[in-house]
Structures are given as structure tokens and as C-alpha cells.
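Data block below; observations after.
Letters A, B, ... are given to chains in the order of the sequence lines, protein chains preceding strands, and every chain is numbered from 1.
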Protein chains: 2
Amino acid sequence: MFSKACEYGIRAAVYVALQSLDGRRVSVNEIAEEIDSPIAFTAKILQQLSRSKVIHSVKGPTGGFELDRTEMDTVKLSMIVHAIDGDDIYIGCGLGLKECNANQPCPLHDKFVDIRTDLKNMLENTSLYELATGLEVGLTYLKR
Amino acid sequence: MFSKACEYGIRAAVYVALQSLDGRRVSVNEIAEEIDSPIAFTAKILQQLSRSKVIHSVKGPTGGFELDRTEMDTVKLSMIVHAIDGDDIYIGCGLGLKECNANQPCPLHDKFVDIRTDLKNMLENTSLYELATGLEVGLTYLKR
DNA sequence: CAAATAAAGGACATTTTTATCCTATTTATT
DNA sequence: AATAAATAGGATAAAAATGTCCTTTATTTG
Ligand code: FES
Ligand code: FES
């Protein structure tokens, strides 16, 4: 469904949000440790997220990644997926035709669009805050 | 969403079904031409589909790929996706945790499972016959 | 100002996916 | 029986995704 990079990206962003709720700024090393992902690869992904304003980065000692409380509400999963995986998942044809086009649909179009629309809505309506709060109360996990 | 191999596999299977409705057996070359896919790669995928009983293959002159009319109803998309992409799409965690586990869910679990279940149901309830008939009446396309 | 710390970024390595090529096998036709 | 047509399958190549390593840049602290 999502690329590995995107999975790590979401997990990382949720962890940053969670720690920011406590006013903690976190390092790449801590993030990779806590979401169980390869450090250097995670660093690349965090760069992307920072460039696309999903999270905020601070260099130097005491630096790290963080996220304002208000941004946790405005940053939706769709922004992360878009930043890392692009918009294939939103506009691509399920059977791989050049673009999804309702005027010359592939045989799966109608059924595929239904699912894709649900997925899109879900991603657009899910904020980092929402995901972080589940974690906070120990209901969900970022690694196992 | 699906791998390239899976996209080609579904398109190929639908084309085989369509032609079988007319009693025509089709070659790899014709299939690749009609679904706009790389020939040799498509041949590999057709082998997989044949081994997993999604379509039937016949060697030698006048040989090719075909599908009984009754099998067009029983062969569902889920079988093709499973044969080519495995069951990650059905049982994998959306955020990449080892397995999807409702007892130790990732933050996206509930919302992700909803979508995944819809997708699974859609694939399990969509037959090759259904997809082929749309094509037959010129309503849908396998290439553009 | 010097040193230490942390992200940014470039270069490279590995693995997986996608794609091609060639040979072997099966089978219909003459 | 010989030939030709078609799939099966092995070996290899190319491209993309994933992952690592090392240097540069920014910034805090002593
Ligand atoms: S054309 Fe294939 S999903 Fe829309
Ligand atoms: S645990 Fe992540 S989707 Fe179920």
C-alpha cells in the first residue's frame, strides 16, 4: 500500500508529535530507535518531511525534530503520503493505465475509485494529533 | 497499490477471459500487444497465473491461453492478486509493523482495517467475467 | 573563539522489482 | 518423421527502492 519510506515517515511523524506534546525535541537516533527503523534512511525521510513542512527541524546541540501543538491538528496523513510517495495513490489507475480517466475507464475503475476515495478521505481527515493521542494512553504501538 | 506484475496479470487475465468468450485462444504476443505490456515479462506472469490455475495454458501450434466460461465466474481478482503479490495487502500492517495485530495495533489500525476490508471484499467479489463483459461492450479499456 | 552536537546532504552499496534473452519442451501439421 | 509454433523456464540485465557512510553546515555551550 505505502512504500517503506512512507511507513517510516508516518511512524516518525507520529513519534515526533507524541514527544512534542511533552515539549520534547527528538533526535534522528531516538526516533529510529523508537519506531524501529534504519537510522540513516530515517534521517533522509525526516529531511523530506522537514522540507515539506510536515515537521520542524532544529540544528545544533539541543536540536532535533519537533511539531507545534497547533500543527498536529493541521498536518494530515495525506500530506505525509503525498510528500513521500507522491500522488500515484490518489490519481493513479488501479490497473496501471497511464492515468485514471473516467471517460476511458479500465475494467476495475468504478470499484477501484470507491476504495481509493475512501482511502483518500481517511488520509485527509486523520491528523497527527489524533494518532499521537492513541499512543499517549498506551492504546497503540509504533514498534513491536 | 498493486505491483506492476499484478497490474499486468489482471489486465492479461481479463483479456484472456474476454477472448475466451469468443472461443479464441490467445498467445503471449497478442496479450502483451493488447494490454500494452512488455512481452517477456508478461510471459512470466502468465506462467504464474497458469500454475495457480487462474487461466489455462496449451502448448504447441494453436496453443495459447484460455479460460472456461464457468471459471470466469469462479476466478476472482483476489486469486490473481494473491498469486502474484502474496497476502501482504490482506494481512499486512498499514504502517509496516511485523504483522497487523488488533491486540497491539499501530495508530492507524482501525481506520486502515476498514479500508483494507473493503478492498478485500471488492477483490473477492469481482470475477473475471464481470470485468470482461464491460470490455466486451466497449465500455472499458485495457490500454490507452 | 573553540569544541561539541545535531541535522543536511552527497556518494555509494545492497536488495528487490522489472524487464530481456536464449534454450528446452510440448504438440499440431504436413 | 520433420518442421514449425507455442508455452516453460533458466540466466542475465537494468532500473528502482532501500539502506549505509562520510562530509558539510548550523548552532549551542564552555
Ligand atoms: S481508469 Fe483504472 S482506476 Fe480509473
Ligand atoms: S496493526 Fe497496523 S494496520 Fe493493524
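Judged by distance alone, the side chain of Asp85(A) and the main-chain N or O of Phe2(A) form no donor-acceptor pair under 3.5 Å. With hydrogens and angles disregarded, no donor-acceptor distance shorter than 3.5 Å links the side chain of Ser27(A) to the backbone of Gly64(A).
For the pair His56(A) NE2 and dA7(C) P, the computed distance is 13 Å after rounding to whole Å. A straight line from CE of Met1(A) to P of dA17(D) spans 18 Å, rounded to a whole angstrom. Between Leu46(B) atom CG and dG9(D) atom C1' the separation is 14 Å, expressed in whole Å. If you measure from atom CZ of Phe65(B) to atom C1' of dA8(D), you get 9 Å, rounded to the nearest angstrom. Glu7(A) has its CD atom 12 Å from the C1' atom of dT18(D), to the nearest Å. Atom CG of Asp88(A) is separated from atom P of dA16(D) by 13 Å (rounded to the nearest Å). Atom-to-atom, CG of Leu49(B) to P of dG9(D) comes out at 13 Å; the value is rounded to the nearest Å. Following rounding to the nearest Å, Lys4(B) (NZ) and dA15(D) (P) show an atom-to-atom distance of 16 Å.
Among pairs with a residue in residues 110-144 of chain A, none fulfils ring-ring contact (aromatic ring centres under 6.0 Å, His included), at least two apart in sequence or across chains. Identified under the ring-ring contact (aromatic ring centres under 6.0 Å, His included) test for residues 46-75 of chain A, with sequence neighbours left out: none.
Rounding to the nearest 0.5 Å gives a distance of 12.5 Å between CZ of Arg116(B) and CD1 of Ile115(A). Taking OG from Ser50(B) and CD1 from Ile45(B), the interatomic distance works out to 13.5 Å, rounded to the nearest 0.5 Å.
For the pair Gln47(B) and dG9(D), the criterion of a side-chain N or O lying under 4.0 Å from OP1 or OP2 is met. OP1 or OP2 of dA19(C) lies within a sub-4.0 Å distance of a side-chain N or O belonging to Tyr8(B).
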Considering only nitrogen or oxygen atoms on both sides, find all protein atoms under 3.5 Å from nucleotides 26-28 of chain D and state each distance.
{"unit_1": "dA26(D)", "atom_1": "O4'", "unit_2": "Lys59(A)", "atom_2": "NZ", "d": "3.4"}

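Tested against Tyr15(A), the residues Glu34(A), Lys143(A), Glu30(A), Glu33(A) include a single side-chain hydrogen bond (donor to acceptor under 3.5 Å, both in side chains) partner, Glu30(A).
Heavy-atom distances under 4.0 Å link DNA chain D to Pro38(A), Ala40(A), Phe41(A), Lys44(A) of residues 16-45 of chain A, given in residue order.
The salt bridge (charged side-chain N to carboxylate O under 4.0 Å, His left out) test applied to Glu66(B) returns Arg25(B), not counting sequence neighbours. Contacts of Lys120(B) classified as salt bridge (charged side-chain N to carboxylate O under 4.0 Å, His left out), with partners at least two apart in sequence or in another chain: Glu124(B).
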